[in-house]
Amino acid sequence: MEEIYTAGDIEARAQQFWDEQQTFRVSEDPAREKYYCLSMFPYPSGRLHMGHVRNYSIGDVITRYQRMQGRNVLQPMGWDAFGLPAENAAIQNQVPPAKWTRENIDYMRNQLKQLGFGYDWERELATCDPEYYRWEQWFFTRLFEKGVVYKKTAVVNWDPVDNTVLANEQVIDGRGWRSGALVERREIPQWFLKITDYADELLNDIDTLEGWPEQVRTMQRNWIGRSEGIEMQFGLSGRDDSLSIYTTRPDTLMGVTYVAVAPEHPLATGAAAGNAALAAFIEECRQSGVSEATLATQEKKGLDTGLTAVHPISGEQVPIWAANFVLMEYGSGAVMSVPAHDQRDYEFARQNGIAIRQVIYPASDDQQADLDKQAFIEKGVLQNSAGFDGLTSAEAFEAIGDWLEQAGKGARQVNYRLRDWGVSRQRYWGCPIPVINCASCGAVPVPEADLPVTLPTDVTVDATGSPLKKMAAFIETTCPVCGDPAERETDTFDTFFESSWYFARYACADNSSAMLDERANYWMPVDQYVGGIEHAVLHLLYARFFNKLMRDEGLLVSDEPFTCLLTQGMVLKDGSKMSKSKGNTVDPQGLIDQYGADTVRLFTMFAAPPEQSLEWSDSGVEGASRFLKRLWKQVYQHVAAGPAAALNVAELNAAQKAVRHSVHTTLAKVSDDVGRRYTFNTAIAANMELLNTLARFADDSDQGRAVMQEALDAVVLMLSPIVPHITHELWQQLGHGQAVVDCAWPLVDEAALVQASIALVVQVNGKVRGRINVSPDASREIIEAAVMDEENVQKHIADKTVRKIIVVPGKLVNVVV
RNA sequence: GCCGGGGUGGCGGAACUGGUAGACGCAGUGGACUCAAAAUCCACCGGUAGCAAUACCGUGCGAGUUCGAUUCUCGCCCUCGGCACCA
C-alpha cells in the first residue's frame with residue numbers, strides 16, 4: 001500500500017472497475033425489492049456548477065446506501081436539453097443550438113463520470129433527441145383527441161423593437177433585455193392543457209405524499225388554491241348582458257360600492273371607444289410585463305369606465321372601474337369591491353374617492369373595526385344588509401347564497417387559483433407542437449405515422465424571434481384530413497413538457513415503438529426524487545399532472561410519480577446564489593483536478609444538511625482533503641503492521657471496550673443519519689470524531705489490533721457512499737476480496753452499546769450545577785440521593801425547600817426549589 | 001404584494017420528540033518537529049469577572065407558556081426561494 005494518498009490514480013482505478021464490472025447497470029428483477037433514485041436532470045448549460053455537484057452527490061449517496069441495503073437500485077441520468085440559453089448562446093456566438101447543446105452534453109457527461117456517480121448510462125436520454133420528443137408529440141395528439149388540450153388567447157411580453165416574445169426573465173424593469181424597449185402585453189392564440197380538470201385530484205393526492213417535505217405540500221396546496229364561494233351575475237345598466245363575478249365573501253355583498261374589471265376586459269375596451277382618457281389608461285396598462293410579481297407590486301391604478309353595474313340584491317347602481325390589479329387570466333376578469341372589508345379595495349376607494357360602506361361588525365369585544373384607519377377584514381355580524389342583518393358571516397354565506405340561487409342570479413361554486421397550463425412557446429429550440437393548421441379543417445393533429453415532427457437544426461438564430469417562422473420548408477405542408485395546402489404550427493412546447501415525463505421514460509429509454517412499456521410499472525414510482533427547492537411548485541406540479549394523464553391513457557398504473565422528495569438548498573458564495581453576473585462562481589472542475597472527486601463530494605456533503613443552503617468555503621475543502629489524508633494514514637499504519645488477529649470480545653480490556661463502544665454508537669448514529677434523516681453532514685462529523693478516537697488508540701496487542709481492524713472496516717463502509725473511490729481502495733487494502741460497492745451496510749452489535757455507568761446532568765431550577773455518574777438501571781431513589789450529595793447542588797438549594805425533583809431517564813435531573 | 005423557508009461563536013454548522021447551547025470542521029492563538037518554511041502533531045479557542053473553582057450574560061428583536069425554550073405560541077425586523085415564458 002502506498003504511504004501517500006493520491007486521489008487521481010485511485011479515482012481512475014475505481015471508476016474503471018465500476019465501468020468494467022458494469023456495477024450500476026440494472027434490469028428488472030421481480031424477486032428483489034426495487035429502489036428508484038432520481039436526481040433532477042440538468043440543463044446542459046456548458047459545465048457543471050456546484051448546485052449540480054451537490055444535487056448529484058446527494059442522489060449518489062442515497063443510491064449507494066440503498067445498494068448496501070440489498071435493493072435493486074436504478075439511478076439514471078439525462079439532459080433537459082431544450083431551452084432558452086441555447087438560443088442566447090446561438091445569438092451571441094453564432095453557433096447553432098443543437099451543436100452547442102451536444103458539445104455541452106459531452107463535456108458535462110465526462111464531468112459526471114469524473115465525479116464517480118453511479119449511473120446506469122445505458123438509459124441516458126436527451127430531450128432534444130427526436131427519439132425522445134416524438135413520444136410527447138404522440139402523447140399530445142392523444143390528448144388532443146381526448147379534448148384535454150384546447151386553444152385560446154393569452155398574454156405574452158412583446159418586445160416592439162425586436163418584434164419578439166420575451167420570457168419573464170428577459171423583461172428587466174419593464175424593458176426588453178436586449179432592445180431596451182418598453183415591453184407591451186400582447187394577446188396571441190396558444191395551446192393549453194386542462195390541468196384544472198385535475199385540480200381536485202392534484203389537491204387531494206397531496207395528502208398521500210407523506211414522503212414529501214411539508215413546506216412543498218403546503219406550497220402546492222396554496223398554488224392550487226381551492227376556494228368555495230359564489231359565482232353571481234351583476235346586471236349592466238342599459239344592456240342585456242351581465243357581468244359574472246366570483247367571491248369568497250358573499251357576506252360582504254351588501255357592502256359593494258364598485259366593481260373592478262381588468263384593463264383588457266371587453267367592458268373596459270368597449271367603453272374606451274368613446275372615452276379617450278380610458279383608452280389612454282388601457283394603453284398605459286398594456287405597457288407592462290405579464291408576471292404576477294410585476295402586477296402585484298406596481299402602484300394600484302384605475303379609471304371609472306362610466307359604465308354601471310346593477311347590484312344583484314339591492315338593485316343599486318355601482319360604478320365599474322378598470323383597474324390594473326385585476327387579472328384577466330384569473331376567474332372572469334372582474335371582481336366586486338368592498339372597501340370596508342378588503343384592504344386593497346379600501347386603499348383603492350380612499351385614493352379614488354369611492355364610498356366605504358361597513359356591513360360587517362365585530363362579533364366580540366376583542367375585535368375592533370376602525371374604518372378611519374383600515375379595512376375590517378375579519379368575519380363578524382352583518383348590519384346595513386337589508387334582510388340579512390344580525391346574521392353571522394357564516395350564516396350570511398348560506399343565506400345570501402340561497403337568495404341568489406333562488407333569484408337565478410348566482411350559484412355556489414368551487415374555484416381554483418390554478419390556471420390551465422399554457423404550453424405554447426414562440427421559440428425555436430424546443431419540441432415542435434405537432435399540429436397542422438388548415439384553412440378548412442382548422443387545427444389538425446399530425447397523424448402518428450408522420451411523427452416525429454423533427455426540428456430543423458441547420459439554422460441561424462438571431463434576436464428577432466424563432467427561425468422556424470421564416471422557414472417555408474418547415475411550415476408548408478398539406479392537411480392530413482383534406483389534403484389541401486396547410487401550414488405547420490411553428491410554436492414549440494414549454495420545456496416543462498419534456499421534464500414532466502422523463503422519469504418514466506428512463507425505465508424503457510430504448511423502446512422505439514412505444515412511449516412507455518411494462519418496465520415503467522416495475523420502476524415507477526420514483527422512490528426518492530432529489531432536486532432544488534426552486535422546483536417546489538411548477539415542475540413538480542406539472543410532473544404530477546402528467547403522471548395522471550399517462551395513467552389515464554393506460555401507460556402507467558401509479559397515481560403519483562415521486563414517493564419521497566428531497567429538496568436541496570442552494571449553493572451560495574459570500575451569502576448569495578452563485579451566478580455569472582455576480583462573478584462569485586466556483587468551478588468544480590478546478591477542485592476536482594486539484595483535490596479529486598472524493599474531496600469535493602465530502603465537502604459538499606459535510607458543509608450543510610441537504611435541505612439547507614450551503615455556503616461555499618475554499619478552506620473548508622482543504623479541511624475535507626485533510627480528513628481523507630488522515631483516514632488514509634490511519635489505514636496505512638494499520639495495514640503496514642500486518643494482518644490483524646480475529647476479534648474475541650470476551651478478551652477485551654476496558655480501553656478496548658471503550659473504543660468498540662465508540663465504533664458501535666457511531667455506527668448506530670450514522671445508520672440513522674444516512675438511512676432515515678439524510679443528514680450526511682452529521683454522519684461525516686461522527687466518523688471524524690471516531691477517527692480522532694482511533695488516532696489516539698495506540699494498542700499493538702492482538703486484540704487491540706483486532707478492535708482497530710473492526711473500527712477501520714466500519715469507517716470505510718460507512719463513508720463508502722460519500723467517498724466511493726478512496727474507500728474502494730482502502731477496503732481492498734484492509735484485506736477484503738469483495739468490492740466495497742457490493743458490500744452490505746454494517747450491523748450494530750447491541751452488546752457493545754452497553755455501558756457500566758452513564759453521566760446525568762444535574763440542574764437546580766433549570767440551570768446546570770453538576771454531573772453525576774450512575775448505573776444505567778439506577779432507581780429514582782438512588783439518583784435523587786446521589787444528586788443531593790452533590791456539593792454544588794447543596795450550595796444552590798441553600799436554605800430553600802425542594803419542591804420537586806424531575807428525572808428525565810438517561811439524561812438529566814432537575815431540582816426545583 | 002401573495003405563498004413558503006431561514007436567522008445559533010470570527011465563519012460553515014450541531015443540539016433528532018421541550019431536557020447539558022456551540023458536536024464536527026474552518027479560521028485564529030500558543031507549543032513540538034525543522035537551519036528555515038510548508039506539511040504534520042499537541043493544546044487552547046462565545047462574552048464579562050476571576051489565579052482558579054465558579055458566577056452572570058448569551059441562539060435576529062419584543063412578549064408569552066413551562067420546573068426547563070435554539071425548539072412551542074403571538075407580534076415585529078432582516079434575508080432567501082417561488083409567483084405560471086429561466087430551468
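Protein chains get the first letters and strands the later ones, always in sequence-line order, with residue 1 at the start of each. Values reported hereafter were calculated over all heavy atoms of this structure, with side chains retained and with hydrogens, waters and symmetry mates removed. Treat the numbers as computed from the prediction; the structure is a model and nothing was measured.
Residue whose closest nucleotide on RNA chain B sits further toward the 5' end, between A:Glu615 and A:Asn157: A:Glu615. In terms of position along RNA chain B, the nucleotide closest to A:Ala296 lies nearer the 5' end than the nucleotide closest to the other residue of the pair A:Leu572 and A:Ala296.
Contact check, A:Gln634 against B:rC41: no side-chain N or O comes under 4.0 Å of OP1 or OP2. Contact between the side-chain N/O atoms of A:Asn692 and the OP1/OP2 oxygens of B:rG25 is found at a separation under 4.0 Å. Residue A:Arg630 has no polar side-chain atom (N or O) positioned under 4.0 Å from OP1 or OP2 of B:rC24. Between A:Arg769 and B:rA55 there is a side-chain polar atom (N or O) within less than 4.0 angstrom of OP1 or OP2. Dashed line: the shortest gap from a side-chain N or O of A:His796 to OP1 or OP2 of B:rA55 is under 4.0 Å. Contact between the side-chain N/O atoms of A:Asn792 and the OP1/OP2 oxygens of B:rA53 is not found at any separation under 4.0 Å. Taking side-chain N and O atoms only, A:Lys811 has no distance below 4.0 Å to OP1 or OP2 of B:rG68. Close to B:rA14, at under 4.0 Å from its OP1 or OP2, lies no side-chain N or O of A:Thr682. Taking 4.0 angstrom as the limit, A:Arg425 places a side-chain polar atom (N or O) nearer than this to OP1 or OP2 of B:rC85.
Looking at A:Glu347 and A:Arg350, no side-chain N of the basic residue comes within less than 4.0 Å of a carboxylate O on the acidic one, giving no salt bridge. Ion pair A:Arg769/A:Glu791 not flagged as a salt bridge, since none of the NZ, NE, NH1 or NH2 atoms sits closer than 4.0 Å to an Asp/Glu carboxylate oxygen. Between A:Glu489 and A:Lys151, at least one side-chain N (NZ, or NE/NH1/NH2) sits under 4.0 Å from a carboxylate O, which counts as a salt bridge.
Pairing for B:rU54 is with B:rA49, a Watson-Crick or G-U wobble pair whose two hydrogen-bonding atom distances lie under 3.5 Å. Pair check for B:rU40 finds B:rA32; Watson-Crick or G-U wobble, both atom distances under 3.5 Å.
For A:Glu534 against B:rC86, a side-chain-to-base donor-acceptor contact under 3.5 Å is absent. Evaluation of atom-type donor-acceptor distances gives no pair under 3.5 Å for the side chain of A:Asn765 against the base of B:rC67. Side-chain atoms of A:Gln426 come within donor-acceptor range of the base of B:rC85, with a qualifying N/O pair under 3.5 Å. A donor-acceptor contact under 3.5 Å is formed by the side chain of A:Arg676 with the base of B:rC16.
Residue A:Trp223 places its side chain closer to B:rC83 than to any other of B:rA21, B:rG12, B:rC83. The side chain of A:Leu84 approaches B:rA87 more closely than any other nucleotide in the set B:rA87, B:rC24, B:rG68. The listed nucleotides are B:rC26, B:rC83, B:rA21; the one nearest the side chain of A:Arg626 is B:rC26.
Under a cutoff of 6.0 Å and an axis angle of 45°, A:Arg185 and A:Trp158 do not form a cation-pi pair.
Residue A:Phe606 is classed as a base contact, given a heavy-atom separation below 4.0 Å to a base. A:Arg217 comes within 4.0 angstrom of no nucleic acid atom, judged by non-hydrogen atoms across all strands.
A:Tyr502 and A:Phe41 have parallel rings, their planes meeting at less than 30° on a 0 to 90° scale where 60° marks the start of perpendicular.
In this structure, B:rG9 is classed as syn because its glycosidic torsion stays within 90° of zero.
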